[in-house]
Amino acid sequence: MPQDETAFAQFYARHVDSVYRICLIRMRNQMDAEDLTQETFLKALLSLDQSHTNMRAWLYTVARNLYYNEVSKNRRVMYVDEYENETEDRANIPLENILSKERNRLLYHAIEHLPERQREIVMMQYFGGLGQKEIAKVLHMTPENVRVSAHRAKKQMKNYMEGQGYEL
């Protein structure tokens, strides 16, 4: 890990958004996602040396492990469907926004219906911006297995959404 404050600030600025997106999808609420993101970078600051070859993949591994630690520690469901809480405000939202939110909600549920490994691949690929090699490193898979799993996940998501009446 970079030793001086400027180097760490640059490292943080470069990676915080993608780590936060992954944490938000995992934790399903903003406060817990912010906490998990900060804990991920704190662990990075305290334990990663500069010789590490792929810091971004390492950050996702740390965030993933911290998430699983949190779940096992609390033994509780971490699910807040904010969409359901917005029903009162929907009358004041333009139709395009309502349709977009509905599509996003359906997409989110399609992701949730994937097997855990495929869900992780989709989240890292699309929300974290990781490439197949980086995902393979985090999940201890080959890049080809990541590619095949991602393809199957997209197909399952499409089938789920079409089964819910959403035309793609």
> Considering residues at least two apart in sequence or located in another chain, which fulfil the ring-ring contact (aromatic ring centres under 6.0 Å, His included) criterion with Y12?
Replying inline: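 F41.
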> Who pairs with Y160 by ring-ring contact (aromatic ring centres under 6.0 Å, His included), at least two apart in sequence or on another chain?
Replying inline: H113
Run the side chain to side chain donor-acceptor pair (under 3.5 Å) test against [X] and tell me which residues pass, sequence neighbours left out.
{"X": "S149", "result": "none"}
{"X": "E120", "result": "R26, R64, Y68"}
{"X": "D35", "result": "none"}
{"X": "Q10", "result": "none"}

>> List the residues meeting side-chain contact (heavy atoms from CB on, under 4.5 Å) with R21, not counting sequence neighbours, and say none if there are none.
In response: D17, S18, F127
> Partners of R14 by side-chain contact (heavy atoms from CB on, under 4.5 Å), sequence neighbours excluded?
Replying inline: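 By the side-chain contact (heavy atoms from CB on, under 4.5 Å) rule, R14 matches F11.
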> To the nearest 0.5 Å, what is the distance between CG (L24) and CE (M123)?
Replying inline: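 Those atoms lie 11.0 Å apart.
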> Quick one: salt bridge (charged side-chain N to carboxylate O under 4.0 Å, His left out) partners of R147, sequence neighbours excluded?
Replying inline: E144
> Taking it one step at a time, do R119 and E116 satisfy salt bridge (Lys or Arg N to Asp or Glu O under 4.0 Å)?
Replying inline: CA-CA 5 Å; R119 186 178 326 133; E116 180 66 23; 2.5 Å; yes
> What heavy-atom pair brings T142 and A136 nearest, and what distance separates the two atoms?
Replying inline: C-CB, 3.7 Å
